[in-house]
**Student:** 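After the structure tokens below, expect a handful of questions from me.
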Amino acid sequence: KSLVSHSSHPLSKAIFNSIEASDLPEVTDFQEIPSMGISGIVEGSRINMGSRFFVTGKNEAETSLNSEVWVFIDDQVTGHFQLRNEYRAGLAELIAELGKKYELHLLTGDNEAEKPALLKIFENGKNLHFNQRPTDKLNYIRNLQEQGKKVLMIGDGLNDAGALNESHSGIVIADN
């Protein structure tokens with residue numbers, strides 16, 4: 001809980017809220033590596049949390065379509081959290097309304113676990129792109145612009161900074 005308290009990533013926030021603890025030990029040597037995970041020392045133990053590759057060093061194919069946050073403490077992988085997304089109230093209606101006038105695309109670093117739910121919200125499944133790294137998002141925006149399109153990007157700002165900066169206009173949405 002101490003380690004994830006230092007990250008603004010939505011998965012870190014979800015993990016923070018799921019763990020009951022009133023006392024949060026100090027975290028030293030905290031690092032956040034975009035698209036990979038977080039690392040720090042808590043009570044003398046090195047803790048890494050993040051993608052399977054970041055924690056295990058193995059570039060294995062995903063076996064689960066849920067969002068996973070892997071945990072490494074000291075010298076061993078201790079397990080992982082599996083999380084499911086919850087969408088904000090009114091999202092489907094907003095997407096439907098915007099889709100009447102604009103071409104919509106979804107770029108997400110998440111895996112395809114949410115694809116069935118998102119296909120119900122987004123009319124055009126060919127514009128849904130999963131497992132996108134920050135450079136993938138940036139290149140996608142550039143590609144749209146090379147096609148002469150004006151791009152407004154809405155993101156959470158975490159792994160979207162380059163793409164938000166490259167777009168003609170950018171909006172960052174965050175809870176806090």
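Quick note: numbers below take in every heavy atom, side chains included, and nothing from hydrogens, waters or symmetry partners. Just so you know, these numbers come straight off a predicted model, no measurement behind them.
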**Student:** Search all heavy atoms of Q132 against all heavy atoms of D136 and return the closest pair with its distance.
**Tutor:** OE1-CB, 3.3 Å

**Student:** Applying ring pair (Phe, Tyr, Trp, His ring centres under 6.0 Å) as the test, list every pair that has at least one member in residues 136-155; sequence neighbours left out.
**Tutor:** H105-Y140, H129-Y140

**Student:** S167: what forms a side-chain contact (heavy atoms from CB on, under 4.5 Å) with it, not counting sequence neighbours?
**Tutor:** I141, V151, M153

**Student:** Can you check whether I38 reaches H9 side chain to side chain, under 4.5 Å on heavy atoms?
**Tutor:** no

**Student:** Kindly compute the distance separating CG (N48) from OG1 (T78), expressed to the nearest 0.5 Å.
**Tutor:** 10.5 Å

**Student:** Which atom pairs, donor and acceptor, lie under 3.5 Å between side-chain atoms of residues 16-30 and protein residues at least two apart or in another chain?
**Tutor:**
from	atom 1	to	atom 2	distance (Å)
N17	ND2	K13	O	3.2
S18	OG	I15	O	2.8
D29	OD2	R46	NH2	2.5

**Student:** Taking side chain as C-beta onward, heavy atoms only, is F81 less than 4.5 Å from L11?
**Tutor:** no

**Student:** To the nearest 0.5 Å, how far apart are CG in D160 and NZ in K137?
**Tutor:** 4.0 Å

**Student:** List the atom of P116, the atom of E112, and the distance in Å for their closest heavy-atom pair.
**Tutor:** CD-O, 4.0 Å

**Student:** What residues form a side-chain hydrogen bond (donor to acceptor under 3.5 Å, both in side chains) with S5, not counting sequence neighbours?
**Tutor:** none

**Student:** My understanding is that only residues two or more places apart in sequence, or in another chain, count here; which of them pass side-chain contact (heavy atoms from CB on, under 4.5 Å) with F53?
**Tutor:** M36, S51, N59

**Student:** Considering only Ile, Leu, Val, Met, Phe, Trp and Tyr, and joining two whenever side-chain heavy atoms are under 4.5 Å apart, list the other residues clustered with I41.
**Tutor:** none

**Student:** Locate the shortest heavy-atom distance separating F72 from V77; write the atom from each residue and the value.
**Tutor:** CD1-N, 4.0 Å

**Student:** Grouping I, L, V, M, F, W and Y whenever their side-chain heavy atoms are under 4.5 Å apart, do L94 and Y102 come out in a common cluster?
**Tutor:** yes

**Student:** Can you tell me how far CG of L119 sits from CG of L106, rounded to the nearest 0.5 angstrom?
**Tutor:** 10.0 Å

**Student:** State the NE2-CG distance between H168 and L144, to the nearest 0.5 angstrom.
**Tutor:** 10.0 Å

**Student:** Would you mind listing every salt bridge (charged side-chain N to carboxylate O under 4.0 Å, His left out) that reaches into residues 143-153, with sequence neighbours excluded?
**Tutor:** E103-K149

**Student:** Can you name the salt bridge (charged side-chain N to carboxylate O under 4.0 Å, His left out) partners of K101, sequence neighbours left out?
**Tutor:** none

**Student:** How long is the gap from CE on M49 to CD1 on I73, to the nearest 0.5 Å?
**Tutor:** 8.0 Å

**Student:** What residues, two or more places apart in sequence or in another chain, satisfy side-chain hydrogen bond (donor to acceptor under 3.5 Å, both in side chains) together with N143?
**Tutor:** Q147

**Student:** Tell me the closest heavy-atom pair linking G170 and L164, and the distance in Å.
**Tutor:** CA-CD2, 3.9 Å

**Student:** List the residues meeting side-chain hydrogen bond (donor to acceptor under 3.5 Å, both in side chains) with S7, not counting sequence neighbours, and say none if there are none.
**Tutor:** S12, E32

**Student:** Can you measure from CG (L107) to CG (N131) and round to the nearest 0.5 angstrom?
**Tutor:** 12.0 Å

**Student:** Quick one: list whatever passes side-chain contact (heavy atoms from CB on, under 4.5 Å) with I95, sequence neighbours left out.
**Tutor:** L91, L104, I121, F122

**Student:** Using side-chain contact (heavy atoms from CB on, under 4.5 Å) as the criterion, list what pairs up with N139, not counting sequence neighbours.
**Tutor:** R142

**Student:** Under 4.5 Å between side-chain heavy atoms, hopping through other hydrophobics if needed: is there a path connecting V4 to V69?
**Tutor:** yes

